[in-house]
Trainee: 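Let me begin by handing over the structure; questions about it come next.
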Amino acid sequence: MKLPGKKLRILLYGSGVIGSIFGGKLALSNVDVTMLARGTRFDQIIDHGIILQDVVSGKIDRVQVNVIDHLDQNDRYDYIMVAVQHTQLADILPILARNNSSNIVFVVNNPTGYQSYIDAVGYERVMIGFPSAGGERKDGIVSYMAGRGVIKLFQSTTFGEVNGERTERLQTLIDMFRAAGFSPSINHHMDEWLKTHVAVVLPIAKALYKFDSNNYELAKSNETLRHMILAIREGFNVLKKTGVKVTPAKLNLFYLPSVLLVPILSRVMNTRIAEFSMSKHTIEAKHELQVLESLFVQIANESGEELPYLLSLDKQALE
């Protein structure tokens, strides 16, 4: 599907799995994509373009895009999409602050809010997003699964404005991703959405680390899955104590009785969906998850809530 009208210029600041999925699929629609990459990844994209393999269909797409290794002040894009790990932001924000592009979409795990984004680049330029996609990059090929169909029941590629409004630039972003084959959604409370996401992801990651990120082995452990559910509920209690609603509300399903949830989650974990959307991410983002856990524990401590199930799920998991 091609996006009609103006050909948008997009910079993907980040050439990892998510940046490559976004950049490759957008380039296959009517979007002028530039990737910011360095080192081996820069050379791979120069020589071979972005190579995407859909793990469901097996289809391989190869697409050539523009590549840069740094962002200049006067480089102008319709959107800069920052698809990096939370731990990389401190180095990137000063670079973004000097650039003159109007719309900067932060696609980053974040349990602490986005005041640092606003302080760096200005309130009016900040947009927030998060992917429903995952996979791994090996030998220059990104094997991926993008959230659509049943996957969207758990998480969709989501975007929003800081103030929660539905703006023209937000709708353009949604239209662009829909044309590229995603099933994007708008959320009017992205700060709550991101904090809820961390509260869910951390217990899942720690449960997976108990089995060396093997989701199929986790699927066999009813006891670990039960502890994972209880740890997610603890995280939700922290959110509520700090005035944050569980967002989207459908995630309150984790309050269903464990006797119902454990067999459901066992089936979910025993799938390639879990392998590519969860397990492989925990392998690539171990340090980031360690930092996110530290930040979330600090939030819990300040709220007066305790996290015994999260902290005891596997005390050595992130070390």
Side-chain angles (χ1 to χ4, degrees), residues 14 16-22 51-58 83-87 107-109 111 130-158 182 194 196-232 235 251 253-254 261-293 296 309-310 313-319:
V17 170
I18 298 302
S20 297
I21 296 169
F22 278 6
I51 305 175
L52 299 178
Q53 182 173 28
D54 188 319
V55 299
V56 176
S57 67
V84 300
Q85 293 188 8
H86 181 87
T87 51
V107 186
V108 185
N109 272 307
F130 207 80
S132 174
E136 66 177 344
R137 191 180 78 228
K138 187 175 181 180
D139 299 327
I141 300 174
V142 177
S143 301
Y144 78 99
M145 183 175 289
R148 53 183 177 267
V150 67
I151 305 175
K152 194 176 178 183
L153 294 175
F154 296 93
Q155 179 177 317
S156 60
T157 295
T158 306
F182 294 87
L194 287 168
T196 303
H197 179 76
V198 171
V200 173
V201 165
L202 286 177
I204 293 174
K206 295 192 74 170
L208 282 165
Y209 284 136
K210 288 189 68 172
F211 299 93
D212 297 322
S213 292
N214 187 323
N215 54 291
Y216 302 104
E217 291 300 316
L218 173 58
K220 301 174 186 177
S221 177
N222 289 348
E223 184 64 12
T224 304
L225 290 172
R226 188 179 73 85
H227 278 241
M228 184 182 83
I229 292 164
L230 294 174
I232 290 171
L251 290 178
L253 65 86
F254 282 106
L261 286 178
V262 167
I264 293 172
L265 290 174
S266 178
R267 286 174 177 259
V268 170
M269 286 295 169
N270 196 36
T271 63
R272 295 193 79 193
I273 293 173
E275 179 184 353
F276 279 85
S277 65
M278 300 178 195
S279 294
K280 292 188 182 298
H281 177 69
T282 64
I283 295 170
E284 296 294 326
K286 194 167 187 177
H287 177 58
E288 180 189 33
L289 287 163
Q290 183 179 25
V291 172
L292 292 173
E293 181 182 9
F296 197 78
Y309 281 103
L310 178 68
L313 190 58
D314 184 354
K315 292 182 178 179
Q316 305 302 316
L318 295 180
E319 295 180 1

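Small disclaimer: the values here were computed from a predicted structure and weren't measured.
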Trainee: Can any side-chain N or O of S20 pair as donor or acceptor with the backbone N or O of G16 at less than 3.5 Å?
Mentor: yes
Trainee: Pair V55, Y144 - check side chain to side chain contact (heavy atoms under 4.5 Å, CB included), show working.
Mentor: CA-CA 6 Å; V55 299; Y144 78 99; 5.9 Å; no
Trainee: So which atom in V108 and which in Q85 form the shortest heavy-atom distance, rounded to 0.1 Å?
Mentor: CG1-C, 4.1 Å
Trainee: Kindly compute the distance separating CZ (F254) from CG (L265), expressed to the nearest 0.5 Å.
Mentor: 5.5 Å
Trainee: First locate atom NE2 of H281, then atom OG of S213, and finally report the distance between them rounded to the nearest 0.5 Å.
Mentor: 10.5 Å
Trainee: Is there a side-chain contact between H227 and E223, using heavy atoms and a 4.5 Å cut-off?
Mentor: yes
Trainee: Restricting to non-hydrogen atoms, name the atom on P111 and the atom on L292 that form the minimum distance, rounded to 0.1 Å.
Mentor: CD-CD2, 3.6 Å
Trainee: Looking at N215, N214, D212, which hits side chain to side chain donor-acceptor pair (under 3.5 Å) with S279?
Mentor: N215
Trainee: Could you tell me the separation between the OG1 atom of T282 and the OH atom of Y209, rounded to the nearest 0.5 Å?
Mentor: 4.5 Å
Trainee: Got a donor-acceptor contact below 3.5 angstrom from the E288 side chain to the T87 backbone?
Mentor: no
Trainee: Could you pull out the closest heavy-atom pair between N109 and H197, with the gap in Å?
Mentor: OD1-CD2, 3.1 Å
Trainee: Sub-3.5 Å donor-acceptor pair from the side chain of T157 to the main-chain atoms of S132, do we have one?
Mentor: yes
Trainee: So, is the end of the K280 side chain (NZ or CZ) under 6.0 Å from the ring centre of F276 and within 45° of the ring's axis?
Mentor: yes
Trainee: If you round to the nearest 0.5 Å, how far is CG of N270 from CG of L218?
Mentor: 10.0 Å
Trainee: Between M269 and A219, what is the shortest heavy-atom contact and its length?
Mentor: CB-CB, 3.8 Å
Trainee: So which atom in Q53 and which in I141 form the shortest heavy-atom distance, rounded to 0.1 Å?
Mentor: CB-CG2, 4.2 Å
Trainee: Drop me the distance from I232's CD1 to L253's CG, to the nearest 0.5 angstrom.
Mentor: 9.0 Å
Trainee: Kindly compute the distance separating CG (L313) from NZ (K206), expressed to the nearest 0.5 Å.
Mentor: 6.5 Å
Trainee: Please check if the side chain of Y309 supplies one atom and the backbone of P203 the other of a donor-acceptor pair under 3.5 Å.
Mentor: no
Trainee: Which heavy atom in F22 sits nearest to a heavy atom in P131, and how many Å separate them?
Mentor: CZ-CB, 3.6 Å
Trainee: Could you check L289 against V201 for side chain to side chain contact (heavy atoms under 4.5 Å, CB included), going step by step and ending with a plain yes or no?
Mentor: CA-CA 9 Å; L289 287 163; V201 165; 3.8 Å; yes
Trainee: Is L261 close to L225 at the side-chain level, that is, under 4.5 Å between some pair of heavy atoms?
Mentor: no
